[in-house]
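Throughout, protein chains are lettered first and strands after them, A, B, ... in sequence-line order, and every chain is numbered starting at 1. Not measured: the values here are computed from a predicted model.
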Protein chains: 2
Amino acid sequence: MMNPPLFDAACSACPIRHRAVCARCDAEEMAQLETIKSYRTFAAGDAILWRGEPLAFVASVVSGVASLSKTLEDGRTQMVGLLLPSDFIGRPGRDTIDFDVTATTDVVLCCFARKPFEALIEDTPHVAQRLMELALDELDAARDWMLLLGRKTAREKIATFLDMLARRSHLAATGDAAPTASALLDVPMTRDQIANYLGLTLETVSRQFSVLKRDGIIDQVDRRQVTVRDLSRLQQATGDDADGGVWS
Amino acid sequence: MMNPPLFDAACSACPIRHRAVCARCDAEEMAQLETIKSYRTFAAGDAILWRGEPLAFVASVVSGVASLSKTLEDGRTQMVGLLLPSDFIGRPGRDTIDFDVTATTDVVLCCFARKPFEALIEDTPHVAQRLMELALDELDAARDWMLLLGRKTAREKIATFLDMLARRSHLAATGDAAPTASALLDVPMTRDQIANYLGLTLETVSRQFSVLKRDGIIDQVDRRQVTVRDLSRLQQATGDDADGGVWS
DNA sequence: CGGGCCATTGACTTAGGTCAATCTGCGTGG
DNA sequence: CCACGCAGATTGACCTAAGTCAATGGCCCG
């Protein structure tokens, strides 16, 4: 269990101050946000929001990983989004959402009461501008994901997933866009969650991990850690165009 | 071939005036938009934009249907969006897009030069607000599509596709949300395009049309027209939750 | 009448799902 | 400290939905 960091009420000390929905806000707008915000924490596995339930808050992810998922009548489920720090939860202008939101790891949210937040969108331009950028970024990611779900093989899906984790951890560590060397990766989900993310079964996820290991592309340290032995072969295995801006 | 409607330069007469990116603009903002807009038309099958090419314009679809698609190294392709009248093309703040845009039917676009449009986003709140709404709507649609691509069977995919067409044509005809009776549907794409939309092969699309016909759920008038015989059985065949807000 | 272009249908293959057995590591309680 | 149990992961055997390859059919247009 993580030792939950304590968050100061002051936005100026916030780790996502310059990337979240408030990124473009000036001092006065920040002061307004400050009055309607509150922090909430969730343990790994907790439900954050249920589909269809009235939405009292919108929120930014401050730390941890949350996931969005949809379910068919007979219980098949598909993850339709992975929310990382600075990502936004909620749908200003609508009072329900159409998917479940779950804490994948322990999560801290910065919540804003919905009504005053919507008023802020009307009154101050910078919130709407930033929210538009965040929505367009998520739309790009969703489209990459549609290509993966519709057309990639199981092997390509796993390779894409690991390549994404490699890029992200490299980005977080160095601020640099493209990793070039091998790396030790943290896999923040169970096989079952990965399967729901990639549109596979957990058995297929497990088998493809084994295949990539047998091919010498990765090594499995333990169930939550993987080392990439050959990043360029991993990237070839994703099936993407060489110059593909995927996850760029 | 359609008899192309003539569009008046005046926004006040525009068929998408109240739904497009300009929906919330006041008279003064409209005047600004009016100075940077121009109409362009494309024939069915024409490329509108290529992935990666520098983006001089952003645009709204005025009439017709356009599609967004992505392609893997070896040529497999997946449609990642279907643009109908009032939908928006482009990515303010970035000078390329990461997918191809193609005219599925004959298309009329209302194009805005990108730089002045971006300036407008900075200066006037209503454009950014509306663009945020449009992006969030597309994100909802993309998430429904991810569920379809990742988890639905071929039969469910075709049923969902036909149900979507039924809802749309009913909505366009009556302004009403949910169709209840059978209807004659226009299928605006070839089997191959449908396959790329649904993450299937064209043979599987054809076979599933035949199965739904054998089951008495639909009738095929010709290759571009279908009558829905039993809408409630069609909706059951989509696999969605009964109260599912899909395509709502 | 002939030649494309879609669409349909059939025969066969295969990637990935299903079901089931086994393994591994970890926290709990004796 | 060890034994137990449980949750997650792996692996194998088998099955099936959908893909592949190939032949045929209908339709429009010159």
Quick one: are A/M164 and A/T238 in side-chain contact, heavy atoms under 4.5 Å?
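With C-beta onward as the side chain, the pair stays apart.
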Just so I know, are the side chains of A/F209 and A/I194 near enough to count as touching, which here means a heavy-atom distance under 4.5 Å?
yes
Check this for me: does any side-chain nitrogen of one of [X] and [Y] sit under 4.0 Å from a carboxylate oxygen of the other?
| X | Y | result |
| --- | --- | --- |
| A/D215 | A/R233 | no |
| B/R168 | B/D186 | no |
| B/D137 | B/R19 | no |

Quick one: [X] [atom1] to [N] [atom2], roughly how many Å, whole number?
| X | N | atom1 | atom2 | value |
| --- | --- | --- | --- | --- |
| A/L202 | D/dA7 | CG | P | 15 Å |
| A/K157 | C/dA15 | NZ | P | 14 Å |
| A/R207 | C/dT18 | CZ | P | 11 Å |
| B/M189 | C/dC6 | CE | P | 15 Å |
| B/L198 | D/dA17 | CG | C1' | 16 Å |
| A/E203 | C/dA21 | CD | P | 14 Å |
| A/D222 | D/dA7 | CG | C1' | 15 Å |
| A/R151 | C/dG16 | CZ | C1' | 16 Å |

Roughly how bent is the helix from C/dC1-D/dG30 to C/dG30-D/dC1 end to end, in steps of 10 degrees, with each end axis from five pairs?
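So the angle between the two local helix axes works out to 30°.
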So which heavy atom on A/M79 is nearest to which on A/Q193, and how close?
CE-O, 4.0 Å
For a quick check of understanding: with a heavy-atom distance under 4.0 Å over all strands, which category does [X] fall into, base, sugar-phosphate or nothing?
| X | value |
| --- | --- |
| A/L200 | sugar-phosphate |
| B/E156 | nothing |
| B/T190 | sugar-phosphate |

With a 3.5 Å cut-off and no angle check, do the side chains of A/D98 and A/T96 form a donor-acceptor pair?
no
B/T201 side chain: which of D/dT20, C/dG16, C/dT9 is closest?
D/dT20
Does a side-chain N or O from [X] land closer than 4.0 Å to OP1 or OP2 of [N], or not?
| X | N | value |
| --- | --- | --- |
| B/T204 | D/dG19 | yes |
| B/S210 | C/dT9 | yes |
| A/Q208 | C/dA15 | no |
| B/Q220 | C/dA7 | no |

So which one's nearest nucleotide on DNA chain D is more toward 5', B/V205 or A/R224?
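So the residue in question is A/R224.
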Evaluate the ring planes of A/Y197 and A/W145, with Trp represented by its six-membered ring, and classify them as parallel (under 30°), tilted (30 to 60°) or perpendicular (over 60°).
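If you compare the ring of A/Y197 with that of A/W145, the planes turn out parallel.
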Evaluate side-chain contact (heavy atoms from CB on, under 4.5 Å) for A/I217 paired with A/R229, printing each intermediate quantity in order.
CA-CA 5 Å; A/I217 295 177; A/R229 289 213 152 289; 5.9 Å; no
Return a single string for nucleotides 25-30 of chain D, one symbol per nucleotide in 5' to 3' order, where B is base contact, S is sugar-phosphate-only contact and - is none, cutoff 4.0 angstrom on heavy atoms.
-B----
If you count the non-hydrogen atoms of other residues, nucleotides and ligands that lie under 6.0 Å from CZ in A/R40, is the total more than 12?
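No, the 6.0 Å shell around CZ holds no more than 12 heavy atoms from other groups.
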